[in-house]
Amino acid sequence: MKKAWLGFTAVLLLACACPSLPVLTSATPTSEVDEPQPVVEVNYTVIHLHPEDGTLPDQLQDQAPAARARDQRLFVEFTATW
């Protein structure tokens, strides 16, 4: 019983000696409703190029005018299957 009392007293003294932690409060609710975000229209077209269709420079030269005609920029992304 004496050990339990000493343990309790030690914890109580440490708790009193430590500085208090800041209290976390949640954001205050507002009565205003958030405005909906505008929908951003994505304008892209995925074209898959394959080695059997010709060389890469030739295929890119063929696709560049098509991208400009659609008001898009040509963007190349390489992928691989392992």
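Bear in mind the structure is a predicted one, so any value in this text is a computation, not a measurement.
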Reported CZ-to-CD distance for the pair R68 and Q63, which is rounded to 0.5 angstrom: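 R68 CZ to Q63 CD: 11.5 Å, rounded to 0.5 Å.
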Kindly write out the residues that satisfy side chain to side chain contact (heavy atoms under 4.5 Å, CB included) with D62, not counting sequence neighbours, or none if the list is empty.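 In terms of side chain to side chain contact (heavy atoms under 4.5 Å, CB included), with neighbours along the sequence ignored, D62 is linked to no residue.
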Nearest non-hydrogen partners of Q59 and H50, listed with the distance: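 Nearest pair, atom of Q59 first, then H50: NE2-O, 2.9 Å.
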Members besides L56 in its Ile/Leu/Val/Met/Phe/Trp/Tyr cluster (side-chain heavy atoms under 4.5 Å):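 Members besides L56, by chain and number: I47, L49, L60, L74, V76, F78.
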